Amino acid sequence: MKARWHWILLPSLLLSLGLLLASQIAFLRGGFFRDLRLGRMGTDFTLANYERFFTDPLYLDSLVLTVRLSLTVAILTLLVGFPIAYVLARLKSRWTLVLLAGIIAASFITIVIKVLGLIIIFSSGGFLNRFLMWTGIVSSPIAIVGNPGGVVVGLMHFTMGFSILLLYSVVQTIPRSLEEAAEIHGAPRWRVFARVILPLSLPGLVVTGLIVFNLCMGAFTSAALIGGGKVFTLPVLIQQTVINQTRYGMGATISAILMLVTLAINGLSVLAMTKLDKRRSAVA
Amino acid sequence: MRKLGRRSLLAGIATGTALLAAPAIRAQTPNFAGQTLRVATFGGGWDRAVHKYAGVKLEALGAKVEYVTAPPRDNLAKLIAARGQAAPFDVVEMADLTWVDTYEAGFIQKINLDNIPNRKELLPTLADEWKVASWATQEGIVWHPERFAAAGVPGPERYRDLLHPALQRKIAIIDISQAGISQLLVGASIDEGGSQENITSGLEFVRKANPFQFWRVGAQAVTLMNSGDIMASTMHAGFAVQMRRAGLPVKFTHPKVGATKRGLSKEGWLGVVKGTPVARAAEFFINEYISYDTQFGLATERGVVPINNRARDALVNDPLLKEMFLLSEADVANMVSVDFTKFNLDDATQRWSRMITSAK
């Protein structure tokens, strides 16, 4: 009889789902009731909060901005992180471990410290801006505070460590012999990358991209601190709605929509990957 | 038998009286052995300073003091989340509107003012059966005179002076999520013909000022001032004290508001959380918090203005604090104080968000 190993995943899946639902359901339920301030909610079921979300440009613009920023960060992080992970995975040096340890250690630094560090580095009198102006690359200091570009930098700083570690393990699963075989048969380096490395690491790239995307969809600190109160992503709006305005119902609605959009994008990505995989299997 | 001398007789009477009085004195000195008091207050070292002056006094009587650190709105959120269950703390430190919300939501209980004898050193308006003031801050403008001079901008006297073209993207403004925003919005509004209820002109001031950043943590504005990214920031005078002590040559302006007022005050409040099992310890802690020692210590260490009159008077001996704070009774009385029954933070937050997103 063929062993069904995937059943082993069932307990952890149920546990994760149970914990997620138990903690979220009570809060998300609030989205269907009218806010009476100070965390109190009406008793009549209503879709008023959802109606408001989808008719108010403040919330819709915020949703579009959040998705756009998260997508940008996911793509840029993969573009920057993959070459680093590849080099680390292929490096035959004792420095590999040191560099990996450095990345892991950097991942433990709290995001607030990372963000404040970035603000100092990118300050008008900071060494980066002074260097760029000295070289003539820019004529005035680059500001990362108070604009979406800065938030992208902050989020990349936040997610880069995880993604390099994930991609490192992905690259390690690709046998070096496959690359060598392609090279022996005369494939130039770019072709080896395009025909061997990229297809084999694609599932890992998608998973890493989705993890980074998901982290960014819910990221608050970078958007709040580097955004300088001018970049209203959904997590910033949720905090403002729940903490400042104590409108828990509306806060729950925004949270639910954020979660549903994130789940939908994840689902669609997995669906697309599955189709691609089937097509590739059929061709093979 | 030896004859009893007068000195021996007096000594005997004194000893006897002391022995008889000892149980009574012991009864008056509270014993909090085995009790744990949880205090919701600010982080960033404020909790440590409070413990150093007030917490240790309670611990000397056997209690244990724990601190739950977060901004007042976050602590209010914790009380809301725990509604119907045991509260997560026994004493809560509130600021501005949070006090009104915490009271209206029914999260605090009456304080037995007989257990707060130090309230006699406060203005009568600063202590009632629901709340006792814990500190005051003086909101205004921290600015860098050298940078202002280099840019040819005169030092600010009012909020509207920050609208100088040379200051575009060169100032920081407190974020809508922070306590202290109400003072700025009300102050800027009154200055432009608005009022506590009508803050449209205050919001317009924020839009026109086009700041480099809206700061959520005071450290952000301090970092930007240090790095040279900004020339001024709306914040309280305590930050100016901290910056000056760190070697940054900043000045502080108590803005003129309207025709006669100058400066804006913000008070912190302490309340006892409803249903606490350690109410007496909570009241003891509050009494120590407003004592001369604690108030003077917090003022000199953290840059807040004491609400204890004696401690405030003592600050005039510190040249830096004297320069940064308004300390005379007349000056304090002439400051603008926000009426939170008129200021609508919910409405202000919504209008603020729309204004900022539409300004891009």
Side-chain angles (χ1 to χ4, degrees), chain A residues 26-27 35-41 56-62 65 112-113 115-127 129-130 140-141 143-148 150 220-221 223-233 236-237 239-248 250-251, chain B residues 70-83 97-98 100-107 169-170 172-178 181 206 210-217 219-220 222-230 344-350 352-360:
Chain A
F27 178 65
D35 278 306
L36 302 176
R37 279 199 77 239
L38 297 171
R40 296 193 190 101
M41 279 170 276
D56 190 332
L58 174 70
Y59 300 113
L60 286 176
D61 290 351
S62 177
L65 176 72
V112 178
I113 302 295
V115 163
L116 287 176
L118 274 180
I119 292 171
I120 292 168
I121 291 169
F122 279 90
S123 66
S124 58
F127 73 86
N129 270 319
R130 272 187 294 160
S140 57
I144 63 160
V145 174
N147 60 67
F220 170 73
T221 313
L225 294 184
I226 298 188
K230 296 179 179 181
V231 181
F232 284 86
T233 57
V236 173
L237 269 188
Q239 190 264 357
Q240 210 177 67
T241 309
V242 172
I243 303 293
N244 251 30
Q245 301 171 36
T246 55
R247 288 162 56 220
Y248 280 49
M250 193 64 209
Chain B
R73 296 300 296 178
D74 288 5
N75 283 330
L76 172 63
K78 286 173 197 161
L79 287 172
I80 290 172
R83 191 180 263 140
L97 181 68
T98 311
V100 181
D101 285 346
T102 311
Y103 170 75
E104 282 182 359
F107 289 132
R169 283 197 53 84
K170 283 288 173 191
I173 285 180
I174 187 169
D175 189 69
I176 187 73
S177 59
Q178 300 304 306
I181 186 63
V206 173
N210 185 23
F212 183 80
Q213 184 179 43
F214 295 107
W215 61 264
R216 280 173 174 262
V217 187
Q220 283 178 281
V222 176
T223 304
L224 292 174
M225 189 70 94
N226 215 10
S227 65
D229 282 305
I230 57 168
N344 185 339
L345 180 66
D346 190 352
D347 174 61
T349 304
Q350 293 195 42
W352 173 287
S353 306
R354 283 164 214 286
M355 179 190 74
I356 304 297
T357 48
S358 65
K360 282 184 277 189

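Not measured: the values here are computed from a predicted model. Numbered from 1 within each chain, the chains take letters A, B, ... in sequence-line order.
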#### Entry: Under the side chain to side chain contact (heavy atoms under 4.5 Å, CB included) test, residues paired with A:Val112 that sit two or more places apart
A:Thr110, A:Leu116, A:Thr221, A:Leu225
#### Entry: When B:Phe212, B:Phe107, B:Trp215 are compared by non-hydrogen pairs under 4.5 Å with chain A, the top option
B:Phe212
#### Entry: Contacting region of A:Asp56 [heavy-atom separation from chain B under 4.5 Å]
side chain
### Message
So which residue, A:Gly227, A:Gly126, A:Ala224, A:Pro57, ends up with the most heavy-atom pairs under 4.5 Å with chain B?
### Response
A:Ala224
### Message
Quick check on the interface: out of A:Gln239, A:Gln245, A:Gln240, who has the most heavy-atom pairs with chain B under 4.5 Å?
### Response
A:Gln245
### A:Asp61, part contacting chain B, at a heavy-atom distance under 4.5 Å
neither
### Option that, when pairs with chain B are counted at under 4.5 Å, heavy atom only, ranks first among A:Ser124, A:Gly39, A:Pro141
A:Ser124
### Query
B:Ile176 versus chain A, heavy atoms under 4.5 Å apart: side chain, backbone, both or neither?
both
#### Entry: Considering all heavy atoms, the nearest B:Ile356-A:Gly229 contact
CG2-O, 3.7 Å
### Task
Check whether any side-chain heavy atom of B:Ser353 lies under 4.5 Å from a side-chain heavy atom of A:Leu58, and answer yes or no.
yes
### Residues in side-chain hydrogen bond (donor to acceptor under 3.5 Å, both in side chains) contact with A:Arg37, at least two apart in sequence or another chain
B:Asp101
### Message
Less than 4.5 Å to any heavy atom of chain A: does that hold for the side chain of B:Arg73, its backbone, both, or neither?
### Response
both
### Query
At their closest point, which heavy atom of A:Leu38 faces which heavy atom of B:Glu104, and how far apart are they?
CD1-CB, 4.2 Å
### Task
Heavy-atom distances under 4.5 Å only: say whether B:Ser177 touches chain A with side chain, backbone, both or neither.
both
### Which atoms of B:Leu76 approach chain A - backbone, side chain, both or neither, heavy atom under 4.5 Å
side chain
### Query
Nearest 0.5 Å, what's the OG1-CG distance between B:Thr349 and A:Asn244?
4.5 Å
#### Entry: Minimum side-chain heavy-atom gap A:Val145-B:Asp229 below 4.5 Å
no
